2 protein chains.
Amino acid sequence: MKTKRATAKDVAELVGCSVSAVSLVVSGRTEGRINNDLRDRIEAAVQELDYRPNQSARTLATRSPSNIAFVCPDIRNPFFGEVFHGLSASVAAQYRVQLRVPSSGLDFGIDVVRDAQSENIAGLILAAPSSGVMELFRSTCPTVLLEAPDQTLGLPCVDLNLESAAKGLAQHLLAMGHRRVGYLSYQPKKGTFVVRRHHLEVAMQEGGAHLLDAIASAGELTIEEGEARFFESWKHWKENGVTAVVAADDILAYGAIRAAKKAGLHIPGQLSVAGFNDIPFSALIAPPLTSVDFRAYELGQAAGAAMINTINGRATNLTVVETELHLRASTGAATPLKGPKRRASGTSSAPAV
Amino acid sequence: MKTKRATAKDVAELVGCSVSAVSLVVSGRTEGRINNDLRDRIEAAVQELDYRPNQSARTLATRSPSNIAFVCPDIRNPFFGEVFHGLSASVAAQYRVQLRVPSSGLDFGIDVVRDAQSENIAGLILAAPSSGVMELFRSTCPTVLLEAPDQTLGLPCVDLNLESAAKGLAQHLLAMGHRRVGYLSYQPKKGTFVVRRHHLEVAMQEGGAHLLDAIASAGELTIEEGEARFFESWKHWKENGVTAVVAADDILAYGAIRAAKKAGLHIPGQLSVAGFNDIPFSALIAPPLTSVDFRAYELGQAAGAAMINTINGRATNLTVVETELHLRASTGAATPLKGPKRRASGTSSAPAV
DNA sequence: CTGAAAGCGCTAACAG
DNA sequence: CTGTTAGCGCTTTCAG
């Protein structure tokens, strides 16, 4: 069963020729080098032995690796799956892409990056790297950063237009009359999350509104965490007249919705909820979630294109992928209120749909 | 910037020693071999040059690869992300795992498998391989199959207990009075889906009920496909008195729910819906979906364990991971009906929640 | 047209 | 204790 994998030497011995001949034949550069008879015999032997060249050895010899590594924090998040898909498709003609994620926990550390670097890879893509990782990072091959605003290393980046995303969301909420908005954050030190919150806050303030942070930010990107952080913060928010909550990511928003429902709040009657990312499930939950579409597939494609350019020495500094706000039923008009502070005592129970 | 990666030779030259010395030092086997002074100087040079051994070259030399490849159909499906996570964690002490997926399309072909095999890998894990792939497959290293019932090659397998899953679901539906159940299938030639449907049908029949296939099975695992197939089949189902629909996967069930709602059907009042997989979002949609939990993380862990065993020559034939039925609001009592056939003409519109 | 030889970066015997 | 040698599987000059 575990037939030892055939090597070029095996083929050569079977045919009675040299290894170089089989090398030429399998790589198809037979033109004017190998006569047709020999070629046919080699090809037959290749078939028979099911020989396929050892890619690692080939890479070692040619110094032209055939795969690029994609490192991301958590592949369970459908967002990264979609990014991976776009990336993979856009480089498929020339490279295979292999995914690397932390074996456990919430985010990748420098170790995962170094593991990837220690293989022979043509390029490296780092998705949403933490500042901790970037401090320790040393480039050893063409590298592209994805979703890494604030990282001022000279590396090519592909970022989302988070400013327009946040601004769009803010304007929507402002137009609906929201002046006090709770914010459920995640990884407050990671560039992409810093920026989301920042632009949202700026835009809200320009509209004369305020962002109120949750008591604590989510430690993990799970529904449960979103739920727990919401419960923890709700008293504080309620006392300060919060009429809408924005979550740093849809998954947390799901948790917020669940918690709000459990607390007997009607959405959006008593509380509006919105998120970032717009993963496909956001349109299906109850109520459908207002969210900013991050165009994950495009992001992956852009990363692939940037990678190819970088490998070819035409490094692009920064690519920006646009985002799109999707308005759904989870956001609605703010409950009318009089002063800047209101005591939303109890709940005037509208049927929680 | 793109400082050429340092090699063992570079380190040796800087220190003025042989490459073997640095090899011994970096791999920590310095005991009684290298004197402390030399060791320290080498370590200093390693630091200075930021030397890290080329893993591919090391593998080539030692013939003991350090990573295992995981091939799966579609990483956008959170199920596989979770499996990957479990797998990754369970082999972390000894191996890194790298993911391989098709660059586009819905399923991996033999090409993806061969790409993986052509690297130096310690093991290969194939998730839900199609029969087409398995026909062409030739093992070149320890291989473990995941979710591959019906594949009678002599390879170690990790499967779900699909029989108890389907039986549990059937019994639930039977108890609720359902006698005509629509079935929304996906990839009807892939082992895992064949088996899901089969056991469901058998269990339904034992209870005197029938499974009615959709007009066509879903070509892709997306909400849209589920929706389209439902619409297409609903007339047929309705005419035959179908009171519940089971989807081969939760994602399709989401589509069915959306379609049913659009058709003005109340769930579960007029139609019950259930799925397989129980991805985390299933508890959040409206209405929450009754589904069979596939324990993705455990499945991944089991695959990791089976892999380790196989590598160590103690191949396990088959590992079965249990499943668990989660009852939620999407399933309820069948609308009372008189004969085996009922004309559910129109819709007595109960408010679609 | 074809084979022998060198070398990619590393490790593992074996001498000194 | 340390360096030299050989070789992992492949590609690539360079002679013949």
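Keep in mind that this is a model prediction, so the values were computed, not measured.
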State, to 0.1 Å, how close A:V321 and A:R295 come at their nearest heavy-atom pair, and which atoms those are. CG1-CB, 4.1 Å

What distance do A:F80 atom CZ and A:L146 atom CG have between them, rounded to the nearest 0.5 Å? 8.0 Å

Could you check B:S56 against B:A21 and say which one's nearest nucleotide on DNA chain C is further toward the 5' end? B:S56

Candidates C:dA5, D:dG9, D:dG3 - which lies nearest the side chain of B:S20: D:dG3

Along DNA chain D (nearest heavy atom to each residue), the more 5'-positioned of A:S27 and B:C17: B:C17

Rounded to whole angstrom units, what separation is found between the CG atom of B:L24 and the C1' atom of D:dC1? 11 Å

Is the shortest side-chain N to carboxylate O distance from A:R39 to A:D37 below 4.0 Å? no

Regarding B:T7, tell me which of base, sugar-phosphate or nothing describes its non-hydrogen contacts under 4.0 Å with the strands shown. sugar-phosphate

Identified stems (criterion: three or more consecutive Watson-Crick or G-U pairs, under 3.5 Å), DNA chain C: C:1-11 with D:6-16, C:13-16 with D:1-4

What I'd like to find out is whether the side chain of A:L155 reaches to under 4.5 Å of the side chain of A:F137, using heavy atoms alone. yes

Which nucleotide, C:dC8, C:dT2, D:dT4, lies nearest any side-chain atom of A:L38? C:dT2

Below 4.0 angstrom from OP1 or OP2 of D:dC8, is there any side-chain N or O of A:N54? no

Show the nearest heavy-atom pair for residues B:R96 and B:N67, with the distance to one decimal. O-CB, 2.9 Å

Shortest non-hydrogen separation from B:I121 to B:A69 and the atoms involved: CD1-CB, 4.0 Å

For C:dA12, does either OP1 or OP2 sit under 4.0 Å from a side-chain N or O belonging to B:R29? yes

Rounding to an integer number of Å, can you tell me how far A:R41 CZ sits from C:dT2 C1'? 12 Å

Output yes when at least one side-chain N/O atom of B:R58 is less than 4.0 Å from OP1 or OP2 of D:dC8, else no. no

Any salt bridge between B:D50 and B:R5, counting N to O under 4.0 Å? no

To the nearest angstrom, how far is B:R52 atom CZ from C:dC10 atom C1'? 16 Å

Using heavy-atom distances to pick each residue's nearest nucleotide on DNA chain D, tell me which of B:V19 and B:R63 is more 5'. B:V19

Within this structure, what is the CG-to-P distance between A:N120 and C:dC10, rounded to whole angstrom? 9 Å

When rounded to whole Å, the CG to P distance for the pair B:D40 and D:dT2 reads 11 Å

Heavy atoms only, 4.0 Å cut-off, all strands: where does B:T62 land among base, sugar-phosphate and nothing? sugar-phosphate

How many Å lie between CG on B:N35 and C1' on D:dC1, as a whole number? 7 Å

To the nearest angstrom, the CD-C1' distance between A:E119 and C:dC10 comes to 13 Å

Tell me the closest heavy-atom pair linking A:S66 and A:T59, and the distance in Å. N-OG1, 4.4 Å

Among the candidates D:dT4, D:dG9, D:dG7, find the nucleotide nearest to the side-chain atoms of A:A57. D:dG9

With no angle test and no hydrogens, is the base of C:dA12 tied to the side chain of B:S23 by a donor-acceptor pair under 3.5 Å? no

Which nucleotide, D:dG9, D:dG3, D:dT2, lies nearest any side-chain atom of B:I34? D:dT2

Starting at atom CZ of B:R5, determine the distance to atom C1' of C:dC8, rounded to an integer number of angstrom. 12 Å

Which nucleotide wins on minimum distance to the side chain of A:P53, given the candidates C:dT11, D:dG9, D:dC10? D:dC10

